[in-house]
Number of protein chains: 2
Amino acid sequence: MKQAKKQLFHDFIARKGLKSTRQRDLILDGFLSNDRHMSIEELYLALRAKHPNIGYATVYRTLKLFSESGIAREIQFGDGQTRFEHVDEGEHHDHLVCTRCGAVKEFANEAIEKLQAAIAESHGYLVHTHKLELYGICPKCRK
Amino acid sequence: MKQAKKQLFHDFIARKGLKSTRQRDLILDGFLSNDRHMSIEELYLALRAKHPNIGYATVYRTLKLFSESGIAREIQFGDGQTRFEHVDEGEHHDHLVCTRCGAVKEFANEAIEKLQAAIAESHGYLVHTHKLELYGICPKCRK
DNA sequence: CTTATCAATGAAAGTGATTTCCGATAGCAA
DNA sequence: TTGCTATCGGAAATCACTTTCATTGATAAG
Ligand SMILES: [Mn+2]
Ligand SMILES: [Mn+2]
Ligand SMILES: [Zn+2]
Ligand SMILES: [Zn+2]
């Protein structure tokens, strides 16, 4: 699955006539082997620990490429940091976010998805994305 | 209803020992008589047209006060601008946002709200807010 | 109706998170 | 191996707020 994403990204690189570079591979490895909801800075610092002179701008640009290639998606939990999560082919989920510790729980609910589609339909909108986030306190933080 | 909100805000001002100023009244009027989902800058520019030396910082601070007082709520549609919408006592709604022209349609769906509560419950989260936004193309933009 | 007091205001400076610029590097086609 | 450019990394620039500070003005006291 990690291999599949590497493959997808390499195909994307080739298709677009972009170059395969050491940095892109490092960043891809870092992204794929870390938490599913990392901010640019978190990934940058993690990579920086092993590769002292990788640039923030390169991490930033490469994450954008991951989004374009379809292996990542930008998310925004309202804490001022843009985060990126892994995208699995044909899968969709929404988020439960702990406002105390930042923990993120993913969930999928077919009934809600259907209701959303019906609402969009009834208002004549052609929906291409949606965002459903529940903010609260996680079980751990509730003690 | 517009009067009710003015009253609520004046009560808030009094309760907090804040001052009633010409600017706060102007901004309140501007906010109440405009679109329900304005960014700080949009409101600032609209006010500025009639009152050339009102400050951006004042609009900003006053909108925060509106939120505190309960007559407004901050929302974030992911376009990088914070928006403020009117709050009606005891009412809740979510949004359909046109990614072409920016049109916003409000909707409320009790079934979805119940499903959300059930999901939070099943994961042990104590939810205090949520965000549900459907992004797509509005009927007008679909032509 | 003054005056004194201190919150409120507006212009400008400061922040934090990107986003872009630019001279130096390094893939990769020839 | 070479030469052409895409990429890189560090720095500068942007953007959307957010705070600072000298001045102004709402209000309570006299
Ligand atoms: Mn996720
Ligand atoms: Mn609304
Ligand atoms: Zn938590
Ligand atoms: Zn539209």
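Protein chains get the first letters and strands the later ones, always in sequence-line order, with residue 1 at the start of each. As a basis for the values below, the full set of heavy atoms in this structure was taken, side chains included, without hydrogen atoms, waters or symmetry mates.
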Send over the distance from A/L65 CG to D/dA6 P, rounded to a whole Å. 14 Å

In the hydrophobic clustering that connects Ile, Leu, Val, Met, Phe, Trp and Tyr at side-chain heavy-atom distances below 4.5 Å, which members other than A/L115 occupy its cluster, ordered by chain and number? A/L96, A/F107, A/I112, A/I119, A/Y125, A/V127, A/L132, A/L134, B/L96, B/F107, B/I112, B/L115, B/I119, B/Y125, B/V127, B/L132, B/L134

Listed by chain and number, what are the side-chain hydrogen bond (donor to acceptor under 3.5 Å, both in side chains) partners of A/R61, not counting sequence neighbours? none

Sequence-distant partners of B/T21, side-chain hydrogen bond (donor to acceptor under 3.5 Å, both in side chains), two or more places apart: none

Which salt bridge (Lys or Arg N to Asp or Glu O under 4.0 Å) pairs, counting each pair once, include a residue from residues 27-39 of chain B, with sequence neighbours left out? B/K6-B/D29, B/R36-B/D88, B/R36-B/E106

Answer yes when A/K131 and B/E133 have at least one side-chain N-carboxylate O distance shorter than 4.0 Å, and no when they do not. no

What are the 5'-most and 3'-most nucleotides of DNA chain C lying under 4.0 Å from any heavy atom of chain B? C/dC6 to C/dA11

Taking ILVMFWY side chains as joined if any heavy atoms are under 4.5 angstrom apart, and letting links pass through other members, which residues group with B/I137? A/L126

For residues 54-76 of chain B, which residue pairs qualify under ring-ring contact (aromatic ring centres under 6.0 Å, His included), counting only residues two or more places apart or in two chains? B/F9-B/F66, B/F31-B/F66, B/Y44-B/Y56

Residue pairs meeting salt bridge (Lys or Arg N to Asp or Glu O under 4.0 Å), one or both in residues 15-25 of chain B, sequence neighbours left out, come to none

Under-3.5 Å N/O pairs linking protein and nucleotides 13-17 of chain D:
from: D/dC17; atom 1: OP1; to: B/T82; atom 2: N; distance (Å): 3.3
from: D/dC17; atom 1: OP1; to: B/T82; atom 2: OG1; distance (Å): 2.7
from: D/dC17; atom 1: OP2; to: B/T82; atom 2: N; distance (Å): 3.4

With a 4.0 Å cut-off on heavy atoms, is A/R61 in touch with a base, just the backbone sugar-phosphate, or nothing at all? base

Among all residues two or more places apart in sequence or in another chain, which pass the side-chain hydrogen bond (donor to acceptor under 3.5 Å, both in side chains) test with B/N109? none

Got a sec, which residues hit side-chain hydrogen bond (donor to acceptor under 3.5 Å, both in side chains) with A/E110, two or more places apart in sequence or on another chain? none

Protein within reach of the bases, or only the backbone? For nucleotides 25-30 of chain D, mark each nucleotide 5' to 3' as B, S or -, using heavy atoms under 4.0 Å. BBS---

